[in-house]
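To start, the structure itself, in structure tokens.
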2 protein chains.
Amino acid sequence: MGNLALEPMDRPEGMTTHEYAHRRLRQAIMVGSIRPGESLTIRGIAEAMESSPTPVREALRRLSSEGALRVLDNRRIMVPRMTADRFSELVSLRSVLEQHAARRAVPHITERCIDRLEEVDRAQDEAISRKDNATALLLNQEFHRTLYSANPEQAIIPMVESIWLQLGPFLGIAMEHVAQLYFVDRHQEAIAALRKRDEDAVAAAIKADISEGIGGFERAAIENLLRLAGQ
Amino acid sequence: MGNLALEPMDRPEGMTTHEYAHRRLRQAIMVGSIRPGESLTIRGIAEAMESSPTPVREALRRLSSEGALRVLDNRRIMVPRMTADRFSELVSLRSVLEQHAARRAVPHITERCIDRLEEVDRAQDEAISRKDNATALLLNQEFHRTLYSANPEQAIIPMVESIWLQLGPFLGIAMEHVAQLYFVDRHQEAIAALRKRDEDAVAAAIKADISEGIGGFERAAIENLLRLAGQ
DNA sequence: TAATTATTTTTGTGATCACATTTTCAAAAT
DNA sequence: ATTTTGAAAATGTGATCACAAAAATAATTA
């Protein structure tokens with residue numbers, strides 16, 4: 001107990017303790033460094049990050065609401081287990097959500113925003129070439145988030161991030177058993193479509209990015225991975 | 001302070017205090033009985049439901065994660081204000097999400113499930129004829145939730161409910177200024193399509209139900225309502 | 001009278017404690 | 001050896017308290 005795979009993080013001044021706990025746990029789950037089935041204890045986490053139960057409990061509640069954690073009947077809290085069916089449900093939902101988010105972003109896109117997307121994409125390519133899977137994963141998410149954020153009234157990003165959180169633990173398993181995560185990159189295609197303000201083409205690029213990326217796991221491969229990981 | 005529009009609720013044995021607080025606040029927001037801009041205090045709510053700050057804080061954090069509440073920079077917590085742009089964003093998102101949820105439910109639908117839908121729809125009609133808006137609203141949501149729940153791996157309901165929570169406060173305003181909320185009912189159409197296991201027709205019925213229902217508010221009407229309500 | 005300052009009250013936050021439940025583990029019985 | 005029983009430890013939950021920041025109110029000044 002207590003030796004959680006939680007890397008310390010930068011903690012900006014003024015950030016509350018529960019917020020810090022939430023961010024650290026969130027990132028750990030997002031990049032798959034907490035195993036599905038592993039149960040989390042409030043006191044254990046509090047000790048690991050040198051605080052007390054109260055703020056940790058708040059962080060865990062938030063993560064439960066975000067779908068990242070599940071509260072069992074015995075009130076134990078754990079990372080939900082993945083199944084092939086749940087995986088395909090999550091991926092299809094992700095595809096629908098992100099295509100919509102991308103479409104709604106197009107009318108608000110600026111050149112400045114496209115430049116930023118190029119920048120993030122370059123950083124991701126660099127992380128991939130360094131074989132730094134976790135960073136590449138976070139930068140890939142940053143790319144998508146940046147795109148959808150162009151829409152000033154967007155209400156969809158929390159939902160997209162909820163999906164990412166739910167897929168995270170599986171990615172952690174995949175990263176352990178597949179030497180290198182295969183990153184598909186339809187980002188250049190998306191950027192080109194954005195420059196033309198072509199909604200359909202942007203949505204198509206996002207759809208392809210997802211279906212050829214994480215959506216590319218075949219059912220048999222998923223079941224195989226889960227079996228290997230003892231799930 | 002303290003005199004919150006919070007009707008007491010049935011509290012099943014074994015339900016924790018924070019869970020109870022969450023449910024009561026959630027329902028109050030969902031049916032629009034807490035005004036946008038109204039700021040909530042932890043101690044005020046704790047007093048109103050005869051408990052203490054700790055579980056109330058947890059409930060408020062969850063509701064923030066669900067998009068129902070917003071935490072300001074000064075750490076005040078309030079129901080977010082609505083704008084015409086945000087409204088249209090939420091409605092378009094709701095349409096996309098629920099069409100997808102409906103489609104994914106169709107392959108799993110059972111006759112038993114359709115019977116249940118008929119039952120809920122009848123109860124809603126009855127509430128409408130009693131002019132009991134809040135109950136009709138909750139039963140309408142129950143109809144949609146029941147349909148999407150047919151899919152055993154559904155991960156979309158929390159997101160749909162998040163949208164409902166964000167639209168709730170506006171509905172509260174609308175109910176005050178429009179004598180009777182006009183309930184569109186494409187439910188029979190949806191049920192007929194379900195019996196035929198026709199995904200496209202089901203999705204079309206849900207789309208129509210939303211676009212003619214809450215989506216039917218025109219931009220000018222929304223701005224007018226918000227102005228009337230002093231928003 | 002209007003603006004500014006000082007004081008009081010309210011509020012969010014997080015640590016701590018007590019309690020009940022659950023889990024774990026060792027001892028005893030079958 | 002397996003199961004059952006009992007004690008000990010661990011855990012979730014919620015109330016309370018102290019502290020700091022913020023808001024509201026009172027007092028003072030221009």
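Naming convention: chains lettered A, B, ... in sequence-line order (proteins, then strands); numbering from 1 in each chain.
- Of the candidate nucleotides D:dG14, D:dA15, C:dG14, D:dA15 has the atom lying nearest to any side-chain atom of B:S51.
- Rounded to whole Å, atom P of C:dT22 lies 15 Å from atom CD1 of A:I42.
- Listed by residue number, the members of residues 67-78 of chain B with any heavy atom below 4.0 angstrom from DNA chain C are B:R75, B:R76.
- Residues B:R116 and B:E142 have side chains in contact (heavy-atom distance under 4.5 Å, counting atoms from C-beta outward).
- An OP1 or OP2 oxygen of D:dA15 is reached within less than 4.0 angstrom by a side-chain nitrogen or oxygen of B:S52.
- Distance, B:H22 NE2 to D:dT13 P: 14 Å, rounded to whole Å.
- The phosphate of D:dG14 has OP1 or OP2 within less than 4.0 Å of a side-chain N or O from B:H18.
- In this pair, B:F87 and B:F217 present their aromatic rings perpendicular. The plane angle is above 60°, beyond the 30 to 60° band.
- In this model, the phosphate group of C:dC17 is not approached by any side-chain N or O of A:R43 to a distance below 4.0 Å at OP1 or OP2.
- The CD-C1' distance, from B:E13 to C:dA20, rounds to 13 Å in whole Å.
- In this structure, A:E47 atom CD and D:dG12 atom C1' are separated by 16 Å, rounded to whole Å.
- The separation between B:E19 atom CD and D:dT13 atom C1' is 12 Å, rounded to whole Å.
- Using a 4.0 Å cut-off between charged side-chain N and carboxylate O, A:R104 and A:E153 make no salt bridge.
- Ion pairing between A:R61 and A:E58 fails under the 4.0 Å rule for side-chain N and carboxylate O.
- The residues A:E126 and A:R130 are annotated as salt-bridged, a charged nitrogen and a carboxylate oxygen being separated by less than 4.0 angstrom.
- Between the C1' atom of C:dT10 and the CD1 atom of B:I45 lies a distance of 15 Å, rounded to the nearest Å.
- If you check every strand for non-hydrogen atoms under 4.0 Å, A:T54 touches a base.
- Side-chain contact check for B:Q154 versus B:Y148: every heavy-atom pair is 4.5 Å or farther apart.
- A:Q99 is not listed as a side-chain neighbour of B:V96, based on a closest heavy-atom distance of 4.5 Å or more.
- Between the side chain of B:R57 and the base of C:dG14, a donor-acceptor pair under 3.5 Å is found.
- For the pair B:E58 CD and C:dG14 P, the interatomic distance rounds to 13 Å; values are reported in whole Å.
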